[in-house]
Protein chains: 2
Amino acid sequence: MSGDAQISRLKPGRRTDIRRENERAILEAAEKVFAEAGFGGATMQLIADMAGLPKANLHYYFATKEDLYRKVVQQIFEIWLDAASSFDDAPGPVEGIGAYIDAKMDISRTHPHGSKVWASEVMHGAPVIQDYLETTLRDWTDGRIAVIQRWIDEGKMRPVNPRHLLYMLWATTQHYADFGHQIQTLNNGKPLSDKQWQEAKASVKDMVLRGIGAI
Amino acid sequence: MSGDAQISRLKPGRRTDIRRENERAILEAAEKVFAEAGFGGATMQLIADMAGLPKANLHYYFATKEDLYRKVVQQIFEIWLDAASSFDDAPGPVEGIGAYIDAKMDISRTHPHGSKVWASEVMHGAPVIQDYLETTLRDWTDGRIAVIQRWIDEGKMRPVNPRHLLYMLWATTQHYADFGHQIQTLNNGKPLSDKQWQEAKASVKDMVLRGIGAI
DNA sequence: CTTCACCTTGACCATACGGTCAGGAAACGA
DNA sequence: TCGTTTCCTGACCGTATGGTCAAGGTGAAG
């Protein structure tokens, strides 16, 4: 566990804000703790401490640990889907896939905890979000495969397997969040700088877009 | 937890074999349980049940849960390093990187649990194998970067950033193990067939090798 | 001010977990 | 056969954890 830093939590006056603000602080703390310790290793006490609340107060807002975890995972899934829109309304793979890589790399940098929670959830067999995988994710995947296939048919890129292209996009971009600690260690223990993130994005886009013959 | 299948454990007669056989069964069970539940979610009782031994017997061979976990992670790291030799004594990127992708994809198929344990360990900040990252892995990485740079200088591939190429190789190949459940779900719930694994390997190699201008 | 719904929290409980231990069984060497 | 080392295991222990509860505090509405 690296950071003991407490989540900032403003004391709101208005009644409506109390709930929203506390739920926000709890979810933010939970995302961090679940990411750093895993579901089994996370404790409600630790989340409570990081959110700056007594443990009993957590159970007032979230009945069980599973409830809290479910909310965290759902939140992340929504962010994933938002980024996915980069894919749409693009004339070709250079713009569409390029924007998608940009968006996903940005998420890896700004939401590393969320990415790890998602990875952990999937690695453990997706006990909580299995239905999302079978519905929303599958539909989204099928749709993007159709788009890629269209680009191939239009001669805008080489005839690669669209499904494995998607896997490569997910793997490569999320790697910078999920394995961020390893990358930081190999970067002499220092987090990637702005310039290094730019270099990472450029490298990924360059290799992928050339790999599919889009440039 | 998907599989309750007990690890096969032969009852050996000879004294020497008892230790080896039991340690093997425990490590095999532990790898599976740690992968499916994470370190925090795994219990010694569950590992004992899967190994077909009383819990107290586990503590006879491995003093603590951390000890057992450490052994599991080390075992995986050795497998990683063995595969790395594919990189060496290759005349160029097509052979070297091609063989490396083959080897790592094979490991993702044959040792999915190990890959997940490794991923989980790194995601949690590598509390156990931090020193490996800073020594063995860093040295190996630097060496391969030098090899890739030589290939670039010799005009055998485009001048990509060798470090980000390595990250892409790791990410893409390990994705098929770590996110195997997601891939299986998107494959109508069925594990990838032999033919589909061949297709995956070919796709990855094709996109990567073209992406770096080696073919 | 009164009322009431909502929020807060220290104390508490049952359970499950990692780990211990003593005593017995089994393998080995002489 | 006997002694010694290694292996086996049921019973047990202290602790930490998820969750509960009852009593008290606090903001808003009339």
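Remember, it's a predicted structure, so these values are computed and weren't measured experimentally. Naming: A, B, ... by sequence-line order, numbering from 1 per chain. What you see below is based on every heavy atom in this structure, not just the backbone, and it leaves out hydrogens, waters and symmetry mates.
Remark: A/Asn22 is in phosphate contact with C/dT8, judged by side-chain N or O atoms under 4.0 Å from OP1 or OP2. For B/Arg19 and D/dC7, the shortest distance from a side-chain N or O to OP1 or OP2 is below 4.0 Å. Phosphate proximity of C/dG19 to B/Tyr60: absent, as no side-chain N or O sits under 4.0 Å from OP1 or OP2.
Atom NE2 of A/His59 is separated from atom C1' of C/dG10 by 15 Å (rounded to the nearest Å). In this structure, B/Glu23 atom CD and D/dT6 atom P are separated by 14 Å, rounded to whole Å. Distance, B/Ile47 CD1 to C/dG18 C1': 11 Å, rounded to whole Å. Look at CG on B/Leu53: it is 9 Å from C1' on D/dC8, rounded to the nearest Å. Protein atom CD of A/Gln45 is 13 Å distant from nucleotide atom P of C/dT9, rounded to whole Å. The distance between atom CZ of B/Phe62 and atom C1' of C/dG18, rounded to the nearest whole Å, is 16 Å. As rounded to whole Å, 10 Å separates atom P of D/dT20 from atom CE of A/Met44. Look at CG on B/Asn57: it is 5 Å from C1' on D/dC8, rounded to the nearest Å.
Looking at the side chain of A/Ile18, the nearest of the listed nucleotides D/dT17, D/dC8, C/dC7 is C/dC7. In the set C/dG18, C/dT20, D/dT20, the nucleotide with an atom closest to the side chain of B/Lys55 is C/dG18.
Here the side chain of A/Ser120 pairs no donor or acceptor atom with the backbone of A/Lys116 at under 3.5 angstrom. Of the possible polar contacts, one joining the B/Asn161 side chain to the B/Arg163 backbone as a donor-acceptor pair under 3.5 Å is found. A distance-only check finds no donor-acceptor pair linking the side chain of A/His113 to the backbone of A/Lys32 [under 3.5 Å].
Within the nucleic acid shown, B/Ala42 comes within 4.0 Å of sugar-phosphate atoms alone, with no base atom in reach, counting heavy atoms only. Residue A/Tyr61 is classed as a sugar-phosphate contact, given heavy-atom separations below 4.0 Å to backbone atoms only.
Not a single donor-acceptor contact under 3.5 angstrom links the side-chain atoms of A/Lys65 to the base of D/dG19.
Taking the ring axis of A/Phe62 as reference, the NZ or CZ atom of A/Lys71 does not stay both within 45° of it and closer than 6.0 Å to the ring centre.
The closest side-chain donor-acceptor pair between A/Glu78 and A/Gln74, if any, does not fall under 3.5 angstrom.
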